[in-house]
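All remarks here apply to the structure that follows.
What you are looking at is a predicted structure, and each value in this text was computed from that prediction instead of being measured. Labels below follow one simple rule: chain letters A, B, ... track the order of the sequence lines, proteins then strands, and each chain is numbered from 1.
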Number of protein chains: 2
Amino acid sequence: MAENRAPTIYDVARAAGVAPSTVSRAFSRPGRVSAGTAERIREVARELGYRTNPFARALPTGRTAMIALVVSDVTNPFCSELVQGAQAAAGEGGYTMLLAEARESEPLERALASADGIVLATSRISDETVLTAAGQRPVVVLNRVLPGVPSIISDNARGMRQTVAHLAALGHEHVTYVAGPERSWADGMRRRSLRQAGTEQGIQSRRVGPYPATVEGGARAAVEVVRRPTTAVIAYNDLMAIGLIRALASHGLQVPWDVSVVGFDNIFAAELITPPLTTVAAPLHLLGETAVRHLLAILGGARAESAEPVVLPASLVVRGSTARRRRNSTALTSESFLLSAASPYAEITQS
Amino acid sequence: MAENRAPTIYDVARAAGVAPSTVSRAFSRPGRVSAGTAERIREVARELGYRTNPFARALPTGRTAMIALVVSDVTNPFCSELVQGAQAAAGEGGYTMLLAEARESEPLERALASADGIVLATSRISDETVLTAAGQRPVVVLNRVLPGVPSIISDNARGMRQTVAHLAALGHEHVTYVAGPERSWADGMRRRSLRQAGTEQGIQSRRVGPYPATVEGGARAAVEVVRRPTTAVIAYNDLMAIGLIRALASHGLQVPWDVSVVGFDNIFAAELITPPLTTVAAPLHLLGETAVRHLLAILGGARAESAEPVVLPASLVVRGSTARRRRNSTALTSESFLLSAASPYAEITQS
DNA sequence: TTGAAAGCGCTAACAA
DNA sequence: TTGTTAGCGCTTTCAA
């Protein structure tokens, strides 16, 4: 309410009996000013309640001390932890974090306009757009790999290998993958990893979908899963797995007894549902943190932009949604698995 | 990477054959420039890829077109939707949203330094600090009421009344309230509402706690709940309710058969757990949205800061964690309820 | 309606 | 080590 104009370096300078530039230096590069004056200046500044104006500073330096985190859906539990990790790392580095939910490209524009650098954690934005953005500001992408753009990913391949091994150990011979958003790099990666792991471990796999990466999407997938019997399904993410489990139940199929379900991400709700979800845990917090750290390093002048993506560990967390295959329940042979009415999207691989 | 200095109004002015000030006007106050020139300027600007620099603009105007949302824990599912609503409203109003997680006051400082206004959605910050902040910039608080500070709250009293009525209808005569953070305004409000509703409807209530407003906190509360038998408990929030339910189960008490549990907020996970949680649904998204809208209105010069908090509807969502009281199980009399070993914190009310 | 010019608060040469 | 002096890109009187 008391609209007293905030004190500036000029006020401090006058009160401390030095030149404004000295005050500026005292704050922007301590060490370039004698200990004594520095101390006095800080003292006076404190008394006056001076705070450096980030905008005024941004103008001559071109550095805003802000980074932007662009996500596709804040509501997605996957995001929350990411955001937290990012926010922590940003604060630690003295940066303020902008959060943008990118439905269209406009938020990205705004982010580009005011942030020094950007962390992109959304599959909603096309590779081309990302590349364009990367041409203007340092960009770090999460869970996608793009030539020339530093990226942080979690080890989907490893998680998938563990999952397949786990399922195989439980006696499963076929696995259905419920695909998420088609444009998502992670989806492609998970699909390929499954095929690969399947081949290595003698497990047949097929894919259904794509469906939206939501509880609702998972529920919709259930219809197709029911139509094309399987003993184990791996969903693109936990949200879908949850939707799938519930919908399956309403179709009379009990997880894990009738069918085993595995998710991806290990979101908060994964261990709360019944049965608790077996899932590939992504180091969500670490992912966000690492991305921001990486970005700050680049902003700080680190030119060692190794072309290789940073791979963070992911590994299977076994809970209650997977169980030994029931020999007698679903009379599933290799043939019936492969031949069951295929949807237009279906993609079948044989080990 | 092509580090071509971004075009400025000077570049546009030269290319369009007008003065820089005209370009400025064309963007900041269309209407103060002839339709023809305006069109030409926009044209040229588009070609050059000009974007107004928010920092340069912020300097003379003092307006940054950014608002800050300060929350206590991004990871809390309660926040996610809030953030989304806020972010949507901000974008809609042409504002960029800063997100700060306030563990200490430093993030608040940063927010104050760069945002035009602030939405405070955390109980971690003291009333005094909020008041100080409100003295410097427009502030809107969420779920707390502070003299002179515009606030948005959800109708806890109504939700509580419904809850008590629901419980009473199920035959419960005593209710235990598991308290959350002591400094939280919402906690006090819920406690008072319960006492009030209890008095009105002839239900005895007592309080245990406070405990942290987390799953872990809820689990810890279970110990006390077990020690001091009760047939129904209302938890400060869903997270605690969830922790409570699970911990109760490990103590051999089944919800809702042995004890009914009600939460607050209706977070995403509430309907996923087993049993699905009966809870007072807060309009999370709307809360965030409304807070930001309100803030933008104030920033826009709305002086009608009605002293009254804006109250958004909250109401009970009945799911599976509440059930009819089993007459025979817990032989709970009014005396034993009131006299059971009280913790130092306990506060007992009699209708 | 448009242009000229003076800042907004800070940083960064360059001098002293 | 410190002061002087230009700007950074934009807005905003004030004149024209």
Please identify each residue that fulfils salt bridge (Lys or Arg N to Asp or Glu O under 4.0 Å) with B:R25, with sequence neighbours left out.
-> none
Ordered by number, residues from residues 16-31 of chain B within less than 4.0 Å of DNA chain C (heavy atoms) are B:V18, B:A19, B:S21, B:T22, B:R25
Among pairs that include at least one residue of residues 12-57 of chain B, which meet ring-ring contact (aromatic ring centres under 6.0 Å, His included), considering only residues two or more places apart or in two chains?
-> A:F55-B:F55, B:F27-B:Y50
Report the residues that fulfil side chain to side chain donor-acceptor pair (under 3.5 Å) with B:D73, sequence neighbours left out, ordered by chain and then residue number.
-> A:Q84
Only counting residues at least two apart or in another chain, list the ones meeting side chain to side chain donor-acceptor pair (under 3.5 Å) with B:D116.
-> B:T64
Who are the side chain to side chain donor-acceptor pair (under 3.5 Å) partners of A:T37, not counting sequence neighbours?
-> A:S34
Residues passing the side chain to side chain donor-acceptor pair (under 3.5 Å) test with B:E109, sequence neighbours excluded, are A:R51
Residues touching DNA chain C, which here means a heavy atom under 4.0 Å, drawn from residues 49-61 of chain B | B:L59, B:P60
Listed partners of A:F78 passing ring-ring contact (aromatic ring centres under 6.0 Å, His included), at least two apart = none
Pull out every residue in residues 33-43 of chain A that has a heavy atom closer than 4.0 Å to any atom of DNA chain C, ordered by number, or say none.
-> none
Those residues at least two apart in sequence (or on a different chain) that pass salt bridge (Lys or Arg N to Asp or Glu O under 4.0 Å) with A:D11 are A:R5, A:R14
Extract all donor-acceptor atom pairs below 3.5 Å that involve side chains of residues 87-99 of chain B and protein atoms in other chains or at least two apart in sequence.
unit_1: B:E92; atom_1: OE1; unit_2: B:R293; atom_2: NH2; d: 3.1
unit_1: B:Y95; atom_1: OH; unit_2: B:R63; atom_2: NH2; d: 3.2

